[in-house]
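All remarks here apply to the structure that follows.
In what follows, every heavy atom counts, from backbone to side chain, and hydrogens, waters and symmetry copies are set aside.
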Amino acid sequence: MFTTYIFYFLSILAIYSAIMMLMSRKPIHSVLYLTLTFFTIAGHYILLNAQFLAVVHIIVYAGAIMVLFLFTVMLLNLNNEERSPKPGWIKMLAILSGGMLMVVLVGIFRTYDLVVSYNPHLTQIGLVKNLGKVLFEQYLLPFELASVLFLTAMVGAVLLAKKEQI
Amino acid sequence: MKLIVTLIPLLPFFGFLILGLGFRRIPKRISSYIAPGTVFLSFFLSLVVFFSLLRQPGSHIIELFNWIRVGNLSVPFSFLIDPLSCLMLLIITGVGFLIHLYSVGYMYEDPGYNRFFAFMNLFVFSMLILVMGSNYVIMFIGWEGVGLCSYLLIGFWFRNQSFNDAAKKAFIMNRIGDLGFLLGIFLIFITFHSVEYSKVFLLAKSYPIGTGLLFAVTLLLFIGAVGKSAQIPLYTWLPDAMAGPTPVSALIHAATMVTAGVYMVARSNLLYALSPATMLIIGITGTATALLAATIALLQNDIKKILAYSTISQLGYMFLGLSIGAFTGAMFHLTTHAFFKALLFLAVGSVIHALGGEQDIRNMGGLRKSMPKTYWTFLAGTLAISGIPPLSGFFSKDEILLTVLTHNIFLWILATGGTMITAFYMFRLFFLTFIGNSRGTDGNRTKAHESPPVMTYPLMMLALLAAVGGFINIPQIFNGSARLEKFLDPVFKDGAGHSYPGYYFSGNYDEIMIIAVPLILTCVMIIFAYKRYAIEQRVPDEQNVLSKPFLNLISHKFYIDEIFDFLFVRPVLWLSKNFHDLVEIKLIDKLVNGAGTFTIWTGNKFRYIQTGHVGFYLFIMVFGIIAILLFNILIF
Amino acid sequence: MQNIVQNIQTLPISYYLFFCSGLFCIGVIGVLIKRNALVILMSIELMINSINLLLAAFSAYSNDPAGQIFVFFIMVVAAAEVAIGLAIIVVIFRSTNSLDIDVLNKLKW
């Protein structure tokens with residue numbers, strides 16, 4: 001029961017902050033609401049006993065990506081871009097399509113009984129030691145390639161954002 | 001035995017391959033030995049087969065391999081060695097070898113020397129396949145092959161467009177006949193469930209005389225023969241085919257290819273004997289052709305065209321012989337005709353070669369002194385074709401005439417008339433060419449020389465054969481042994497003697513008298529020709545001919561070519577032009593180009609989807625995902 | 001941490017399924033509604049996160065670490081993607097001085 005309450009609390013908080021992200025006028029508010037969402041999702045990870053993922057999630061997303069967003073907004077002074085609203089019918093259509101997607105997905109999930117073992121106790125695979133073992137034994141190559149990927153992204157970002165030299 | 005029989009057609013085929021593939025590189029010295037050499041070897045092997053057949057009479061079937069086996073249809077690739085095919089083998093390879101030898105001299109200056117011999121070898125190969133096949137399909141392979149080679153060789157000097165047209169004409173008219181032949185084969189297969197001669201003839205014996213089915217089969221096969229052997233109405237290709245080199249005319253259009261139709265009818269003698277109506281049609285066609293061609297030849301001035309019409313006429317005689325059941329007589333006449341007609345053509349070639357290409361007899365004359373060997377051999381050939389004893393033509397024509405008389409006296413009168421006309425125009429040709437003063441140009445007079453030995457030797461051989469070839473089948477009246485008849489008896493015993501009901505002349509007659517009458521009349525015609533052309537030295541005069549309407553008609557070949565052109569050629573050309581204009585341009589091109597135009601049009605209309613607006617793209621993506629999900633749910 | 005962990009029990013997976021679908025659809029709506037390119041990028045990040053959570057949930061329920069490894073690599077890719085995306089946004093802003101996607105429609109017919 002305790003688990004269920006925490007789950008509900010976190011979920012409602014996540015959905016509330018997501019909707020507020022969409023509905024806020026200024027971009028800086030959206031960034032802050034998104035960060036709140038990320039924290040709630042980190043809480044969900046802990047509920048699943050995915051400890052490593054929770055910590056990495058906070059470090060990467062809330063610590064790096066959101067900071068990047070904040071820097072972009074603040075340094076380029078994008079805050080005064082109050083978005084001119086789209087035509088009402090487009091907004092209605094968008095909400096409708098999003099809602100339809102939700103309905104379809106829910107329909108799918110209700111139709112099919114997912115046979116997943118209902119394990120009353122949490123698994124241990126989310127622990128750092130276990131995850132690390134799997135990561136470095138089975139998935140070593142993707143791990144190394146990820147570093148190459150980062151290198152490429154770094155080079156790309158720097159190259160793109162350079163000012164044109166006359 | 002199997003090896004020998006297989007080698008007979010294969011040797012010329014190898015000759016064709018070697019010369020055909022290496023025609024640029026093989027020097028003339030070598031190919032002069034290859035081409036006649038292969039045919040000579042085939043002749044030698046044919047002699048071996050002939051003697052072994054004499055020792056062990058009967059028909060042998062030699063199967064090479066199983067060619068077609070589909071459902072009910074089984075067509076093995078096998079050869080049949082029996083007296084009839086053996087006779088044809090000897091003729092083809094023997095006369096063919098002599099003509100090849102002659103061509104070495106005749107075509108030596110020609111740049112297409114190797115190509116010529118490649119085609120000639122291919123022709124010999126096809127003709128051998130035709131006569132050696134043991135079923136109708138193999139015969140048809142050879143049939144088509146000789147048609148092809150005829151086209152290739154008639155249009156040998158392809159730079160001249162009129163020669164190409166002549167070759168096309170020959171091939172297309174042949175094709176019309178081939179359609180009938182093919183339909184006949186289909187009908188045979190449907191009726192007898194086999195195309196092998198042995199099986200078909202065995203099954204056909206159980207049919208009564210005069211059934212519609214056999215009538216249809218034999219008529220269709222005869223249509224093929226009409227095309228190949230130049231009978232009415234498909235004969236107009238043969239005079240035009242004289243556009244080819246003279247050895248080609250000798251081999252193909254005198255001795256072998258045009259006799260394929262006769263061979264085919266002789267082979268199917270049982271089927272024809274069971275269908276008197278077709279025999280009647282063959283008889284009418286043959287006689288009409290004989291007379292028509294002889295008449296046209298009276299007023300022709302091109303030396304080769306006279307011989308071409310003479311060939312058509314003699315083929316008419318052969319078909320006449322076939323139609324009254326005289327199968328041996330027709331085959332005998334085929335043999336002797338091969339000898340003397342090839343001889344005549346080669347001698348004419350010698351004349352043309354000596355005069356540097358002159359072919360109009362009005363410009364010839366007085367060649368007796370300058371070309372003695374040609375003169376004497378030509379005389380032998382002319383005597384043979386006129387039926388003067390003791391040359392071969394007399395015996396063969398006589399046998400046909402005798403059988404005609406016992407069948408129908410009216411036909412006999414017509415046939416004798418044809419013989420007289422034949423004698424007249426042949427001697428007209430002879431006298432105008434060799435006797436008297438030379439009417440040619442001065443250059444021709446001095447250039448005229450006797451041909452080299454490589455050309456005169458075959459002439460002499462053929463003259464010898466034309467002279468003594470008749471002795472293979474002297475009828476019993478002269479106390480002869482009738483060897484050919486006995487030899488061919490196993491093939492013809494079922495069919496010989498049967499024909500359509502005729503008015504049998506049953507009166508008493510003295511056979512010697514009956515032979516003498518046509519002979520005397522022929523001699524009268526020869527004397528008449530002698531008086532007119534040798535003594536009075538009348539040159540055929542164009543004005544004289546055109547002024548008299550009947551002569552005008554004959555000299556224009558009864559306008560048959562023009563009639564065919566009007567009836568058949570022009571409508572087809574009109575049709576094709578209209579198809580091109582209406583169907584091709586307006587319909588098909590529109591369709592094909594329309595596909596491209598349609599693609600461009602839709603592209604033009606569809607490119608407005610790319611609005612450049614990212615929001616729009618995202619919308620469409622989401623819709624697409626929803627659609628896919630829905631689709632999957634609803635289907636499963 | 002261990003004390004907390006011992007008191008936590010597992011929930012039926014359908015809870016996580018519905019929650020993540022909800023987050024995902026909110027992200028989709030955000031992508032379609034908003035005009036600011038930056039906010040659209042943030043909505044995409046929201047969608048990615050919902051998927052991450054779902055993967056981790058399935059991994060925990062199936063006792064298969066592959067799911068969490070996959071989440072790890074998705075985070076790697078997301079981080080790189082955000083870096084490049086922001087660089088592109090910076091360039092666009094420099095050249096057109098606007099981040100409104102309705103204005104950025106030059107790549108058309």
- Hey, does C:Pro65 have a side-chain heavy atom less than 4.5 Å from the side chain of A:Lys133? no
- Which portion of A:Thr37 sits near chain C, non-hydrogen atoms under 4.5 angstrom: side chain
- Exercise: identify the closest heavy-atom pair between C:Ile26 and A:Ala18: CG2-CB, 3.9 Å
- Message: For A:Thr72, which atoms come within 4.5 Å of any heavy atom of chain C: side chain, backbone, both, or neither?
- Response: side chain
- Heavy-atom distance under 4.5 Å to chain C: side chain of A:Ala50, backbone, both or neither? both
- Taking all atoms of both residues into account, what is the closest heavy-atom pair of A:Ser30 and C:Val39, and its distance? OG-CG2, 4.3 Å
- Which distance, rounded to the nearest 0.5 Å, do you find between the CD of A:Gln51 and the CD of C:Gln68? 10.0 Å
- More than 12 non-hydrogen atoms from neighbouring residues, nucleotides or ligands closer than 6.0 Å to OH on A:Tyr139, yes or no? yes
Please tabulate, one pair per line, all N/O donor-acceptor pairs under 3.5 Å involving side-chain atoms of residues 145-161 of chain A, not counting sequence neighbours.
unit_1	atom_1	unit_2	atom_2	d
A:Ser147	OG	A:Glu144	O	2.4
A:Thr152	OG1	A:Val148	O	2.7

- Query: Between C:Tyr15 and chain A, which part of the residue has a heavy atom less than 4.5 Å away: side chain, backbone, both or neither?
  - Reply: both
- Message: With side-chain contact (heavy atoms from CB on, under 4.5 Å) as the criterion, how do C:Val82 and A:Tyr61 come out once you've worked through the C-alpha distance, each side chain's angles and the decisive distance to 0.1 Å?
- Response: CA-CA 10 Å; C:Val82 163; A:Tyr61 272 102; over 6 Å; no
- Please state whether the side chain, the backbone, both or neither of C:Ile48 comes within less than 4.5 Å of a heavy atom of chain A. side chain
- Query: With only heavy atoms counted, which part of C:Leu23 is less than 4.5 Å from chain A, the side chain, the backbone, both or neither?
  - Reply: side chain
- Item | Separation between OG of C:Ser50 and CD1 of A:Ile41, rounded to the nearest 0.5 Å | 7.0 Å
- Query: Looking only at heavy atoms, what is the nearest atom pair of C:Ile29 and A:Gly99, with distance?
  - Reply: CD1-N, 4.5 Å
- Just how far is it from atom OG of C:Ser43 to atom CG of A:Leu22, taken to the nearest 0.5 Å? 5.5 Å
- Message: So which residue, C:Asn63, C:Leu46, C:Val31, ends up with the most heavy-atom pairs under 4.5 Å with chain A?
- Response: C:Asn63
- Verdict with reasoning, A:Phe69 to C:Leu41, per side-chain contact (heavy atoms from CB on, under 4.5 Å): CA-CA 10 Å; A:Phe69 269 109; C:Leu41 208 59; 4.0 Å; yes
- Distance (rounded to the nearest 0.5 Å) between A:Lys26 NZ and C:Asn36 CG: 13.0 Å
- Message: Just verifying a value: how many Å separate C:Phe19 CZ and A:Ile12 CD1, rounded to the nearest 0.5 Å?
- Response: 10.0 Å
- Gap between atom NZ of C:Lys34 and atom CE of A:Met23 - 0.5 Å precision: 9.0 Å
- Message: Let's test your reading of the structure: which of C:Asn52, C:Ile89, C:Ile88 forms the most heavy-atom pairs below 4.5 Å with chain A?
- Response: C:Asn52
- Do you know which two heavy atoms are closest between C:Phe18 and A:Met102, and how far apart they sit? O-CE, 4.1 Å
- Using a cut-off of under 4.5 Å on heavy-atom pairs, state which of C:Ala83, C:Ser21, C:Gly22 scores highest against chain A. C:Ser21
- Query: With respect to chain A, which residue among C:Leu86, C:Val28, C:Val71, C:Val91 yields the maximal number of heavy-atom pairs within a distance under 4.5 Å?
  - Reply: C:Leu86
- Note on the structure: For C:Asn49 and A:His57 the tightest heavy-atom approach is OD1-CE1, 2.7 Å
- Smallest heavy-atom separation, C:Phe72 atom then A:Leu53 atom, equals N-CD2, 4.3 Å
- Most heavy-atom pairs under 4.5 angstrom with chain C, which of A:Val56, A:Ile95, A:Ile19, A:Leu75? A:Ile95
- side-chain contact (heavy atoms from CB on, under 4.5 Å) evaluation trace for A:Phe109 with C:Ser14: CA-CA 8 Å; A:Phe109 298 141; C:Ser14 51; over 6 Å; no
- Side chain, backbone, both or neither: which part of A:Phe71 has an atom under 4.5 Å from a heavy atom of chain C? neither
- Task: Please flag which part of A:Leu135 lies under 4.5 Å from any non-hydrogen atom of chain C: side chain, backbone, both or neither.
- Result: both
- Message: I'd like to verify something: which residue of A:Ser97, A:Gly126, A:Ala64 has the highest number of heavy-atom pairs under 4.5 Å with chain C?
- Response: A:Gly126
- Task: Below 4.5 Å from any heavy atom of chain C, which atoms of A:Phe7 appear? Answer side chain, backbone, both or neither.
- Result: side chain
- Heavy-atom pairs under 4.5 Å with chain C are the metric here; pick the option from A:Ile15, A:Leu96, A:Leu93 that has the most. A:Ile15
- With a 4.5 Å cut-off on heavy-atom pairs, point out which of A:Leu105, A:Ile65, A:Val73 contacts chain C the most. A:Ile65
- Message: Heavy-atom cut-off 4.5 Å, strictly under: side chain, backbone, both or neither for C:Val90 against chain A?
- Response: both
